[in-house]
Amino acid sequence: MSRRCDVTGAKPSFGNAVSHSHRRTRRRWNPNLQNHRYWLPSERRWVRLTLTARALKTVDRRGVEAVVADLRARGVRV
């Protein structure tokens, strides 16, 4: 499973962890991904999406039908 949001496309970012002695080691910041099931009334079925917490708010604001339509316009299989 890739750590990527279906709606926003957020993915891990990379950088350095800097210790007190200022030694640098590589680290990564993972997005806050949540698996969520939405009911699509037009298709009478459940759709499972992997979303960031910010994308959950976007789906609540715009509606699941509009978000799924945008995903399909981008060529994502839902």
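- Other cluster members for Val67: Val7, Tyr38, Leu40, Val47, Leu49, Leu51, Leu56, Val59, Val64, Val68, Leu71, Val76, Val78, joined by side-chain heavy-atom distances under 4.5 Å among Ile, Leu, Val, Met, Phe, Trp and Tyr.
- Counting non-hydrogen atoms of other residues, nucleotides and ligands closer than 6.0 Å to CZ of Arg54 gives a total of 12 or fewer.
- The list of ring-ring contact (aromatic ring centres under 6.0 Å, His included) pairs with a residue in residues 47-70, not counting sequence neighbours, is empty.
- Shown here is Arg74, whose CZ atom has more than 12 heavy atoms of other residues, nucleotides or ligands within 6.0 Å.
- Listed by chain and number, the residues in a ring-ring contact (aromatic ring centres under 6.0 Å, His included) with Trp29 amount to none (sequence neighbours excluded).
- Not counting sequence neighbours, the partners of Arg45 by the salt bridge (Lys or Arg N to Asp or Glu O under 4.0 Å) test are Glu43.
- Pro41 and Glu65 get closest at one heavy-atom pair: CD-OE2, 3.0 Å.
- Using a 4.5 Å heavy-atom cutoff, the side chains of Leu33 and Cys5 are in contact.
- Contact of the Arg4 side chain with the Pro31 side chain is not registered, since no non-hydrogen atoms from C-beta on lie closer than 4.5 Å.
- Applying the side-chain hydrogen bond (donor to acceptor under 3.5 Å, both in side chains) test to residues at least two apart or on different chains, the pairs with a partner in residues 6-17 are Asn16-Arg26.
- Taking Ile, Leu, Val, Met, Phe, Trp and Tyr as members and joining any whose side-chain heavy atoms lie under 4.5 Å apart, directly or through other members, the hydrophobic cluster of Trp39 also contains Trp46.
- With no hydrogens or angles considered, no side-chain donor-acceptor pair links Asn32 and Thr52 at under 3.5 Å.
- Looking only at side-chain heavy atoms (C-beta outward), Thr50 and His36 stay at 4.5 Å or farther from each other.
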